> 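Structure below; questions to follow.
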Amino acid sequence: MKKKFDPATSLQKLEQFGEFGGVNPSITDSATFTFMSEEEMIKTFHGEAAGCFLYSRHWNPSNRYLSEALAAMEGTEMAWVTGSGMAAITTTLLQLCNSGDHIVTSITTYGGTYAFLANYLKKFNIEVTFVNISDIDSVKKAMRPNTKVLYTETMTNPMLQISNIPELAKITKKHGSAKLVVDNTFTPMIFSPYLLGADIVVYSMTKFINGKNDAVAGAICGSNEFIDSISNVNDGSAMLLGPVLDPLRSSSILKNMATLHIRMQKHSENAMYLARKFKKIGLKHLYPGLPDHPDHHLMKKLMNKDFGFGGMIAIDLETAERAAPFMEIMQKKGVGYHAVSLGYFKTLFSNSGKSTSSEVPEEIQREIGLSPGLVRFSVGLDHDIERSYKLIEDTLKELNYI
Ligand code: PLP
């Protein structure tokens with residue numbers, strides 16, 4: 001039997017030495033690069049001098065090391081690193097779409113992505129159709145001759161739906177000119193969307209990949225052809241919009257990636273512990289790792305097995321008024337931080353409808369089933385998760401919620 005792709009081992013096999021033999025590659029702290037000959041410089045500007053660097057907005061050796069690591073993890077030919085997750089998303093979409101084109105997207109995505117698709121793209125006369133990504137027929141029906149992108153998140157924010165990437169890929173392959181773009185921010189290593197059929201995988205590296213909450217960063221992973229197209233000096237969105245990641249940050253993120261597989265396992269283990277406890281006490285919950293989640297079986301079928309079901313979990317307290325004191329007291333008790341974002345070593349929690357999905361109008365929140373009392377947790381790396389659960393349980397009791 002053919003061995004399944006292992007993103008952690010693929011990453012570990014990569015050997016990247018510094019120029020003086022350092023076990024970490026040297027940091028190239030330069031915005032521009034010298035050339036020994038004019039001919040070489042001209043060739044580089046025409047994209048004909050492999051291995052030469054011309055200017056750090058285009059490419060930088062430190063960014064290349066991190067890009068190679070991301071490509072190894074994703075099974076893509078190449079990657080390109082950006083100054084934020086939003087930069088990765090917008091750079092990708094603006095490269096793939098021209099004025100008059102059309103995008104089909106999951107209606108549940110990160111709020112910033114939703115706002116870019118629903119509001120900002122109007123400036124470019126790019127139309128967007130929002131669909132329930134789990135309803136494959138509605139996705140098929142939404143595709144038009146001018147559709148250039150089918151967009152989704154592997155595990156959607158904040159509803160934790162799982163996208164059926166192989167089925168979505170069949171739709172884009174059949175369509176011909178549409179690319180399947182997948183945001184895998186919630187589930188690095190757990191899913192390998194490119195190997196499941198996506199054309200381009202984007203990340204907010206601000207989250208699990210970096211894992212330290214000390215940087216905002218993003219990544220675009222795909223074919224050499226696509227990465228070359230975004231970095232083209234004449235019409236590449238990465239080169240011309242300038243969203244490049246600073247090489248000092250690339251270097252620190254690269255080192256943090258080496259522990260990603262262990263962190264993902266621990267985030268998943270702790271989230272599973274909490275999910276089981278929430279189920280046991282009868283609290284309304286969302287966690288794809290439990291058989292009561294509608295996409296549990298789909299996730300089991302598509303995931304890489306060694307990293308668990310992820311660190312994201314949500315509970316429904318029904319109203320924002322009930323969610324607010326719950327989060328404030330949890331923070332006081334030391335469960336974690338009442339903060340947006342995810343993938344940190346401390347547990348983070350926020351009311352999605354009032355924070356990271358506040359860009360989604362309330363009637364659409366209702367339509368997609370986003371409860372006003374939905375508290376999303378990014379479960380941390382707590383050594384003693386039993387203690388953390390007890391603090392949550394104490395909070396629920398103090399408020400007479402259980
Ligand atoms: N994609 C997802 C799924 C997110 O949750 C976020 C931010 O929360 C982003 C993209 C945007 O990333 P960044 O904040 O790094 O721009």
Side-chain angles (χ1 to χ4, degrees), residues 66 70 74 79-94 103 105-121 133 149 151-163 165 181-191 193 198 200-221 237-238 241-246 249-250 252-253 256-257 264 267 286 288 310-314 337-344 348-360 368 370 374-379:
L66 178 58
L70 287 157
E74 288 307 308
W80 202 83
V81 291
T82 56
S84 71
M86 280 312 294
I89 294 164
T90 56
T91 300
T92 300
L93 296 180
L94 291 175
I103 294 175
T105 178
S106 166
I107 193 163
T108 59
T109 58
Y110 161 60
T113 308
Y114 176 89
F116 181 74
L117 291 162
N119 310 328
Y120 203 88
L121 282 179
I133 206 69
V149 171
Y151 186 89
T152 193
E153 294 171 355
T154 326
M155 183 185 282
T156 67
N157 183 0
M159 300 307 293
L160 312 185
Q161 275 173 296
I162 304 300
S163 296
I165 295 168
V181 179
V182 176
D183 180 337
N184 199 36
T185 298
F186 277 22
T187 47
M189 293 205 168
I190 296 174
F191 285 108
I200 296 146
V201 182
V202 289
Y203 276 106
S204 166
M205 295 200 288
T206 316
K207 314 291 162 40
F208 289 104
I209 290 186
N210 186 45
K212 300 289 189 299
N213 245 302
D214 55 2
V216 175
I220 303 167
C221 310
S237 54
L241 300 176
V244 70
L245 182 61
D246 185 87
R249 271 304 174 202
S250 279
S252 66
I253 295 171
N256 291 338
M257 269 187 82
M264 290 316 291
H267 284 297
L286 278 177
M312 303 305 293
I313 183 169
Y337 298 139
H338 180 194
V340 296
S341 206
L342 48 124
Y344 188 40
L348 303 178
F349 38 85
S350 61
N351 179 342
S352 296
K354 294 281 177 222
S355 57
T356 51
S357 294
S358 60
E359 299 88 343
V360 180
I368 64 175
L370 202 179
L374 191 93
V375 176
R376 190 194 72 181
F377 288 79
S378 164
V379 182

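This is a predicted model, so every value here is computed, not measured. Read the numbers this way: they start at 1 and go in the same order the structure lists the ligands and their atoms.
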> For residues N210 and R249, is any side-chain donor paired with an opposing acceptor at under 3.5 Å?
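The criterion, which ignores hydrogens and geometry beyond distance, is not satisfied for R249 and N210.
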> What protein heavy atom sits nearest atom 9 (C) of ligand 1, and how far away is it?
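Atom 9 (C) of ligand 1 sits closest to the protein heavy atom Y110 CD2, 3.4 Å.
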> Below 4.0 angstrom from a heavy atom of I89, which ligand 1 atoms are there? Numbered from 1 as shown, please.
10 (C)
> If I take atom OG1 from residue T185 and atom CG from residue L342, how far apart are they, to the nearest 0.5 angstrom?
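Interatomic distance, T185 OG1 to L342 CG, rounded to 0.5 Å: 7.5 Å.
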> What is the nearest protein non-hydrogen atom to atom 16 (O) of ligand 1, stated with its residue, atom name and distance?
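So the nearest neighbour among protein heavy atoms is M86 N, 2.8 Å.
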> Do S163 and E153 have side-chain heavy atoms sitting under 4.5 Å apart?
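Counting from C-beta outward, S163 and E153 never come under 4.5 Å.
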> Quick one: nearest non-hydrogen protein atom to atom 3 (C) of ligand 1, plus distance?
D183 OD2, 3.5 Å
> Examine T206 against ligand 1 and note whether any of their N/O atoms are separated by less than 3.5 Å.
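Yes, there is a polar N/O contact under 3.5 Å.
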> Just let me know how M205 lines up against ligand 1, side chain, backbone, both or neither, with a heavy-atom cut-off below 4.0 Å.
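Neither part.
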> Looking only at protein heavy atoms, identify the closest one to atom 5 (O) of ligand 1 and say how far it is in Å.
N157 ND2, 3.1 Å
> I'd like to check which ligand 1 atoms, numbered from 1 as shown, lie under 4.0 Å from a non-hydrogen atom of S84.
15 (O), 16 (O)
> Can you tell me if V202 has a non-hydrogen atom under 4.0 Å from ligand 1?
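Outside the 4.0 Å threshold, so no.
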> If you count heavy atoms of other groups shown closer than 6.0 angstrom to OH of Y114, is the number above 12?
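Correct, the count exceeds 12.
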> Tell me, do Y110 and T356 make a side-chain contact under 4.5 Å, heavy atoms counted?
yes
> Given R376, which of L348, N157, L160 fulfils the side-chain contact (heavy atoms from CB on, under 4.5 Å) condition?
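It is N157; the other options fail the test.
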> Is T356 touching ligand 1 with its side chain, its backbone, both, or neither, if touching means heavy atoms under 4.0 Å apart?
neither
> Decide if atom NZ of K212 counts as having more than 12 heavy atoms of other residues, nucleotides or ligands within a radius under 6.0 Å.
yes
> How far is atom 8 (O) of ligand 1 from the closest protein heavy atom, and which atom is that?
K207 NZ, 2.6 Å
> Do E74 and P193 touch side chain to side chain, with heavy atoms closer than 4.5 Å?
yes
> Relative to the heavy atoms of G85, which atoms of ligand 1 are at a distance of less than 4.0 Å?
12 (O), 13 (P), 15 (O), 16 (O)
